[in-house]
Amino acid sequence: MLEFHDFLIPRRVMAKGYDHHELEAKWQAYWEEHRPFRAMNDSSKPKFYCLDMFPYPSGSGLHVGHLEGYTATDIVSRYKRMKGFNVLHPMGWDAFGLPAEQYAVKTGVHPALTTAQNIATFKRQMKRVGLSYDWERELSTTDPDYYRWTQWIFLQLYKRGLAYVAEVPVNWCPALGTVLANEEIVDGKSEVGGFDVIRKPMRQWVLKITAYADRLLEDLKLVEWPASTLEMQKNWIGRSIGAEVDFALADAKGAIRVFTTRPDTLFGATYMVLAPEHPLVDVVTGAAQKAAVTAYREAAARKSDLQRQELDKEKTGVFTGGYAINPVNGERLPVWLADYVLMSYGTGAIMAVPAHDERDWAFAKTYQLPIREVIQGGHVQEAAFVETDRGTVVNSALQDGSLSLNGMKPAEAIPAITAWLEQKGTGKKAINYKLRDWLFARQRYWGEPFPIVHCPACNSPVPLPESALPLVLPEAQDFKPKIFVPQQTESGHRGTTGTVDVMEVFDAPLARVVSQDVKRLWRETTCPRCNQAAQRETNTMPQWAGSCWYYLRFADPKNAKQLVDPAMERYWMPVDLYVGGSEHAVLHLLYSRFWHKVLYDIGVVSTPEPFKKLVHQGIVLGEDNQKMSKSRGNVVNPDDMMDQFGADAVRLYEMFMGPLEAMKPWSSRGVEGVTRFLDRVWRLMVTEDGGLSSSVVTAAPSVEQQRLLHQTIKKVSEDIDELRFNTAIAQMMVFTNEMTKADQRPRALLEPFVLLLSPFAPHVAEELWAILGHAPSVSQQTWPVYDPALTVSDRLTIPVQINGKLRGKIEVAADTARDVVERTARETVAEWLQGSEPKKVIYVEKKLVNFVI
RNA sequence: GCGCGAGUGGCGGAAUCGGCAGACGCACAGGACUUAAAAUCCUGGGUCAGCGAUGGCGUGCGGGUUCAAUUCCCGCCUCGCGCACCA
């Protein structure tokens, strides 16, 4: 019996046109069984490789941000299949990584177990969304059958001298117990967890990415990537062209070599600066300055990188007492020490030209060093004049007349002086890069082991033979790294003060692993070269390793003999469309490109670049327009959304929110909106009890209806090609709104429309296709083709303007001659013309008439 | 500071080879159906003035080019992203 309050409580039971739970389960089961999304290896069809950046399977499952990119590529993949392409649309797992290991440290649960569970969750959610992946090609970076090839690539790098061990200052994160790459540090803290990071010299594996700097820069011309991403890669590589110049020491043997991009200002050098760590510091320092120099060097060493990078701070330095000789004019220049010069860039030493460099200018002002103008055009006593393109060289000639740059533009002076230096043997043209070699080792358990042993007898790292691969990650029981676990400080930041002396000696987890079969340390082994006792490398590879080449393995995921079969590689590569977050704009993409070029050089791959077209999906914000986060409580869970609205509605809303690449807020109301749209589509052809509606007729559509259909086919096709899914959906809404008004709905319109809808809302489309009386699957139908003649109207509405202001509109036949259009227009705006003749009449065919009076 | 990108109704957004600004959706208002509601369907709307026909003003701000500017040019402002003493 109904109570009064039953009438007051709003029912959340939606009067939906269809039961999305039932319908999605039905079609997902069908796809599971019939596998219509498999990529064929032997096909005469043209290929299309459509790839998502594979995820790290975190414990929190998919979020709506993931889904945006995945839905976009899914629509493209489904569309391309219907257009006759053999589509490769795979998914895998970037499953090595720190979170699972940290979870293991906390709970003792093995990372492999956590990872497997998380993968299962991700996969279940992806299937629930109806993503049309070829699951037969699924891979995980943690699978020995996969990482044996990651190790294999490392061996190739090693063989070619591109992997080497070096004692380098590294970014050590005590809280994480590992080193981090420069790129993994944000504002002096670890990107993961936000812990303090300090500099510490360590023996490390390093990859020589700098050997490929030029090609990594040059080949950016070959790809269709967002301008911002290309720009970021260029900046990261940071090529600058200039000269290396030697300044002989005045009172000692040797010379200070500097790198400069402005050799045209050589006559303006008034002092030199060495980085505090520069090896020549002891040589140039005079006895009187020894104490001050030592104090300065120690102070600099104590500063963390963060402190040294503080920009606004006053520049500091100390005079060494030594002098160097300017090679152009023989002047004695005082040599200073200052931490604004970095040991890690160029030669770690500069010639200072305060008149034409802002940093040198600030330093010269602080220490009252002379400022000498050599490029005319500014006021060098007030500020450094750095605009090379408007200025003329002055004060730059030798008395004997053997060299003069005076009167030249800097652009002319640079090659002139460089040639002079080369002739004198005191300098040469040089190119420098900001890019540094890639620190490739981590002191972690959950990563790929290095296929390397350290042999005391051979006195070098010895690579394992390829036949020994994979070197399987050994079982471990204790994941706790032996690390100093810092206390929470008052400021809320965990970590150290940045000094090295609080450090213990830290062992990587693999150093302590005991092999279960033989009850000895896993690291104890024999040298594959000399058979003497040797030690395995106990570092593991960084997470980037596995993601550097996974796109290749999808082309041939089960191959036990090769990384990828050459025929498969040639057929599928390159990736035609690659979609993923812009947070990977530099690192992942640069590292991948580097490995790809190495593989290209050894003949494993046939293309110089792996990813032809790249698109970054935008960030999805919470309903409050803030970044989604647990602490804000504004996280939208895809499972909840799909429970309530269904997978098709969620897919459609993800695409309808706005342009793919834009940052945009989630709106539950918006999801309801697209849900209404799907219900309207449903009701166009289905009755309340699920049968085919009697309004669906076989009669021929009207010309207007056909025009709308063909305009819709055109718009939807072109918009998918351009990844403009939001406007494609808007057009389908227009079509649906029109069809709703008609009570006779010709099949000839509805059937192509269902095909257009199918990449966006595949479950509903499959069901509608079946209700219309067709055998499955809609995904295997041919994409509708539009007739261009049917997309244009035979009647036109032409706006009529007076002086550019809209004053009227006329409707004419599309083929109306100009004079007729003009005459009609004049009649329409006669009261504005007031009988006088316009000064000018502008007629844009089929677009507009404008009278200038 | 430098580089890149973006600023359009109450909201998400559409329209840029210069040519009717605001498609589509959300929210809102009115109507139909209903005892009533929900759902659905129809209608309306940038803003100001006016009963209305109409007209003025409108795409961050200020200039410019043009018959015509959201679109192109110059100078600012704001926001986002990236880099940040790289010689």
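Just so it is clear, the values below take in all heavy atoms, side chains as well, and ignore hydrogens, waters and symmetry mates. Proteins come first, then strands; the chains are lettered A, B, ... in the order of their sequence lines, and each starts at number 1.
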Any idea how [X] and [Y] line up, ring-wise: parallel (<30°), tilted (30 to 60°), or perpendicular (>60°)?
X        : Y        : value
A:Phe753 : A:Phe735 : parallel
A:Tyr591 : A:Trp438 : parallel
A:Phe363 : A:Tyr271 : parallel

Atom [atom1] of [X] to atom [atom2] of [N]: distance rounded to whole Å?
X        : N     : atom1 : atom2 : value
A:Trp682 : B:C41 : CH2   : C1'   : 20 Å
A:Lys741 : B:C42 : NZ    : P     : 7 Å
A:Lys315 : B:A84 : NZ    : C1'   : 12 Å
A:Glu661 : B:G80 : CD    : C1'   : 15 Å
A:Asn803 : B:C67 : CG    : P     : 11 Å
A:Glu822 : B:C67 : CD    : C1'   : 14 Å
A:Met232 : B:C2  : CE    : C1'   : 15 Å
A:Met739 : B:C41 : CE    : P     : 15 Å

Next on the checklist: What's the closest nucleotide to the side chain of A:Thr261 if the choices are B:A87, B:C42, B:A27?
Outcome noted: B:A87
Item to check | Candidates B:G3, B:A27, B:C24 - which lies nearest the side chain of A:Glu231 | outcome: B:G3
Between [N] and [M], how far apart are the two [atom1] atoms, rounded to whole Å?
N     : M     : atom1 : result
B:G18 : B:A87 : C1'   : 45 Å
B:A21 : B:A68 : P     : 14 Å
B:G3  : B:G58 : C1'   : 33 Å
B:G13 : B:U59 : C1'   : 13 Å
B:U66 : B:C73 : C1'   : 12 Å
B:U65 : B:U70 : P     : 16 Å
B:U71 : B:G60 : P     : 8 Å
B:C57 : B:G44 : P     : 27 Å

Item to check | Ionic contact status for A:Glu654 with A:Arg651, cut-off 4.0 Å | outcome: no
Next on the checklist: What I want to find out is whether A:Glu623 reaches A:Arg632 closely enough, with some N-O distance under 4.0 Å, to be called a salt bridge.
Outcome noted: no
May I ask you to say what [X] touches in the nucleic acid, namely base, sugar-phosphate or nothing, with a heavy-atom cut-off under 4.0 Å?
X        : result
A:Trp225 : nothing
A:Ser240 : sugar-phosphate
A:Gly346 : nothing

Complementary nucleotide of [N], counting Watson-Crick and G-U pairs under 3.5 Å:
N     : value
B:A15 : none
B:G1  : B:C83
B:C41 : B:G31
B:G50 : none
B:C61 : B:G75
B:C26 : B:G10

Next on the checklist: Just confirming the chi classification of B:G80, syn or anti, using 90° around 0 as the syn window.
Outcome noted: anti
Next on the checklist: Let me spell it out: for each of A:Tyr345 and A:Ser228, pick the nucleotide of RNA chain B with the closest heavy atom. Which residue's pick is nearer the 5' end?
Outcome noted: A:Ser228
Checklist entry - So which one's nearest nucleotide on RNA chain B is more toward 5', A:Lys840 or A:Asn235? => result A:Asn235
Think [X] has a side-chain N or O under 4.0 angstrom from the OP1 or OP2 of [N]?
X        : N     : result
A:Asn737 : B:G25 : yes
A:Arg683 : B:C41 : yes
A:Arg680 : B:C41 : yes

Item to check | Heavy-atom protein contacts under 4.0 Å, nucleotides 12-22 of chain B, coded B base, S sugar-phosphate only, - none | outcome: BSS----BB--
Checklist entry - So do the side chains of A:Tyr367 and A:Trp336 get within less than 4.5 Å of each other, counting heavy atoms only? => result yes
Checklist entry - With side chains defined as the heavy atoms from C-beta onward, is the minimum distance between A:Met628 and A:Val64 less than 4.5 Å? => result yes
Checklist entry - Do we see a donor-acceptor contact under 3.5 Å between the side chains of A:Asp437 and A:Thr210? => result yes
Checklist outcome for this item: Rounded to the nearest 0.5 Å, the OH atom of A:Tyr653 sits from the CZ atom of A:Arg669 at a distance of 12.5 Å
Checklist entry - Okay, side chain of A:Thr347, backbone of A:Arg257: is any donor-acceptor separation there less than 3.5 Å? => result yes
